[in-house]
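Have a look at the structure below before the remarks.
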Amino acid sequence: MKITLVGTGYVGLVSGACFAEFGFEITCVDRDTAKIDALKQGKIPIYEPGLDSLVAQGIKSNRLSFTTDLKTAVKASNVVMIAVGTPSRRGDGHADLTYVYQAAEDIANAIAGYTVVVTKSTVPVGTSRQVAEIIKKTRPNFIEGIHFDVASNPEFLREGSAINDFMRPDRVVIGTNNAKACEILQKLYRPLYLIETPIVSTNPETSELIKYAANGFLAMKISFINQMADLCEKTGGDVQVLAKGIGLDKRIGGKFLNAGPGYGGSCFPKDTRALSQIAEQHGTKCSLIDEVSTYNEKRKSDMANRILIALTDHHAPKKVAILGLTFKPNTDDLREAPSLAIIPELLKNDIEVSVYDPLYFKGCERLNHAISFEESLKEVCFSASAYDAIKNAACVVILTEWNEFRALDMEKVCELMDNTVAPLFMDFRNIYRAEEMRKFRYYGVGKG
Ligand code: UDX
């Protein structure tokens with residue numbers, strides 16, 4: 001089976017490398033010549049643990065190749081997957097489908113024999129139908145079911161663990177109205193039968209909605225536990241015990257109940273906004289999701305306020321060390337990261353900010369790029385290590401739960417900090433226990 005993936009972003013690249021590992025012949029296509037040239041040499045444009053070696057293996061086995069020539073790739077393929085970006089449209093939060101529609105037209109122009117055209121990008125309900133319409137419009141002699149079929153096959157990959165999520169998924173969702181197309185897609189996931197991965201087969205509309213509903217629900221779970229954390233703080237409760245207490249109920253489940261500074265990343269914020277828009281467009285409302293988006297934005301600025309209030313309450317000097325910049329560990333992604341909402345608030349209030357992140361530190365190349373798109377980072381002093389950042393700070397804030405922050409030498413931290421007043425330690429990811437932090441004025445999220 002030959003598969004073309006259009007778009008070598010996160011989804012296209014991870015899916016391509018994993019399908020190649022499954023044994024299929026994969027061509028990844030992108031318009032960006034520089035990116036394709038780099039990929040041919042095994043240079044990966046994103047940070048994802050394990051992806052570089054998987055791509056290298058794919059190239060070596062001749063099962064994974066990269067090209068800018070969409071036409072030749074599509075012509076030779078049985079399945080073509082659209083994995084281009086669907087960014088939030090400026091102003092209204094709607095998913096911008098320009099790249100998807102363009103890809104559909106390009107693919108239509110190139111199809112040579114029966115081809116299943118699959119949307120892998122996260123797309124609003126009705127997009128697969130639109131893709132079919134574009135193909136028919138571009139090739140008026142084409143009959144759906146004979147020359148081509150469309151399907152939706154959303155991905156549920158988490159940054160930082162995308163390869164494992166692809167290889168050991170909780171489920172695979174296939175949305176198509178055509179039995180032959182469904183059978184072909186099921187064959188793609190044949191290697192997962194061994195681990196008994198459930199396959200949900202449905203129509204394209206349900207499949208498209210499943211992706212948004214899943215992300216919406218998970219975002220809601222996080223916002224719910226964050227609100228419970230606030231309640232715990234006011235009442236003397238402990239949100240981690242509360243999460244355990246409710247999570248053991250199998251109807252609720254214990255995952256995604258970690259209170260923190262609000263969710264970020266390339267998916268939850270964008271997809272919750274898009275879900276609200278989709279509902280409105282269809283004359284209904286997802287008011288729970290509307291509230292989740294609003295609350296999550298507010299949560300990030302509330303967390304900045306918490307730092308400001310703590311500093312004022314303790315008459316502490318105004319230097320804060322931030323540990324962690326990325327929206328979560330094991331990724332270099334800063335999109336909608338809480339840090340990018342919190343740091344500007346601190347700077348606005350004349351706080352001196354020093355930052356260390358295992359992937360954004362003094363002297364690293366990646367940092368220049370980040371600074372070029374995020375103005376506020378220019379005013380921050382980046383450090384070469386966590387201990388460097390902590391030097392003379394009155395307050396340490398853990399924003400991302402990177403492994404290297406989980407076992408800090410607290411004697412050393414305490415010594416390095418400004419000790420004119422009791423040092424403040426704000427653990428926004430609850431990686432420490434209050435009992436082991438007696439040297440500090442310790443704040444954990446949702447700890448009354
Ligand atoms: C998410 C979905 O999990 C994935 O299935 C989908 O396809 C893409 O979006 P990702 O954005 O990579 O993946 O990260 P995820 O691990 O889901 O975390 C998202 C955000 O939620 C992070 O900012 C994280 O810190 C936060 N989070 C997560 C919490 O605050 N608490 C939790 O309990 C879990």
With a 6.0 Å cut-off (strictly less than), is the heavy-atom count around [atom1] of [X], excluding the residue itself, greater than 12?
X    : atom1 : result
F224 : CZ    : no
Y114 : OH    : yes
H369 : NE2   : no
R190 : CZ    : no
Y99  : OH    : no

We want to know whether [X] and [Y] form a side-chain donor-acceptor pair, criterion being a heavy-atom distance below 3.5 angstrom.
X    : Y    : result
E404 : Y356 : yes
S223 : N296 : no
S152 : E205 : no
Q102 : D106 : yes
D96  : T98  : yes
N203 : T206 : yes

Y263 vs F268 aromatic rings, parallel, tilted or perpendicular, using cut-offs 30° and 60°?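 Answer is perpendicular, since the angle exceeds 60°.
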
Check whether any side-chain N or O of [X] sits under 3.5 Å from a backbone N or O of [Y] as a donor-acceptor pair, and report yes or no.
X    : Y    : result
S376 : P344 : no
D165 : L157 : no
E48  : S161 : yes
T68  : T33  : no
S354 : A389 : yes
T127 : V125 : no

Side-chain contact test, heavy atoms from C-beta onward, threshold under 4.5 Å: evaluate it for [X] versus [Y] and give yes or no.
X    : Y    : answer
I225 : N258 : no
I82  : V117 : yes
S65  : I26  : no

Is [X] salt-bridged to [Y], cutoff N-O under 4.0 Å?
X    : Y    : answer
K211 : E208 : no
E280 : K285 : yes
E291 : K298 : no
R306 : E233 : yes
E183 : K180 : no
E144 : K136 : yes
K244 : D249 : no

[X] and [Y]: which non-hydrogen atoms are nearest, and at how many Å?
X    : Y    : result
L64  : A20  : CB-CB, 4.0 Å
S128 : V150 : O-CG2, 3.7 Å
V355 : I343 : CG2-CD1, 4.0 Å
I107 : L70  : N-CD2, 4.0 Å
R335 : S266 : CZ-CB, 3.3 Å

Measure the spacing between CG of L334 and OG1 of T326 and express it to the nearest 0.5 Å.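 One finds 7.0 Å between CG of L334 and OG1 of T326.
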
Let me see the working for Q41 and D37 under side chain to side chain donor-acceptor pair (under 3.5 Å), right down to the final yes or no. CA-CA 7 Å; Q41 293 165 31; D37 286 345; over 6 Å; no

When you measure from the centre of the six-membered ring of F142, is the NZ or CZ of K137 closer than 6.0 Å and no more than 45° off the axis?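 Output no; distance or angle outside limits.
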
Do we get R63 above F24's six-membered ring, with its NZ or CZ under 6.0 Å from the centre and within 45° of the axis?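 Geometry flag: not set, cation outside 6.0 Å or 45°.
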
Run R429 and K328 through side-chain contact (heavy atoms from CB on, under 4.5 Å) and show every step you take. CA-CA 10 Å; R429 297 290 184 171; K328 68 176 210 176; 5.5 Å; no

Please determine whether side-chain contact (heavy atoms from CB on, under 4.5 Å) holds for the pair E336 and K300, giving the CA-CA distance in whole Å, both sets of side-chain angles, and the decisive distance to 0.1 Å. CA-CA 10 Å; E336 315 228 16; K300 294 177 191 172; 4.0 Å; yes

Pair Y189 and F19, ring centroids less than 6.0 Å apart: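 Ring centroids of Y189 and F19 are less than 6.0 Å from each other.
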
Got a sec, which residues hit salt bridge (Lys or Arg N to Asp or Glu O under 4.0 Å) with K2, two or more places apart in sequence or on another chain?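 Here the qualifying residues are E25.
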
Should T86 and K270 be marked as a side chain to side chain donor-acceptor pair (under 3.5 Å) after you check the CA-CA gap, both sets of side-chain angles, and the distance that decides it? CA-CA 9 Å; T86 54; K270 167 174 84 77; 3.3 Å; yes

Verdict with reasoning, D69 to R31, per salt bridge (charged side-chain N to carboxylate O under 4.0 Å, His left out): CA-CA 8 Å; D69 180 1; R31 290 175 154 196; over 6 Å; no

Considering residues at least two apart in sequence or located in another chain, which fulfil the side-chain contact (heavy atoms from CB on, under 4.5 Å) criterion with K75?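 Per chain and number, K75 pairs via side-chain contact (heavy atoms from CB on, under 4.5 Å) with A112.
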
Is there a ring-ring contact (aromatic ring centres under 6.0 Å, His included) between Y443 and Y432? Walk through the geometry before answering. CA-CA 10 Å; Y443 165 88; Y432 289 100; over 10 Å; no

Under the criterion side chain to side chain donor-acceptor pair (under 3.5 Å), I'd like the reasoning laid out for S383 against K362: C-alpha separation, chi angles, the key distance, then a yes or no. CA-CA 5 Å; S383 303; K362 190 176 173 182; over 6 Å; no

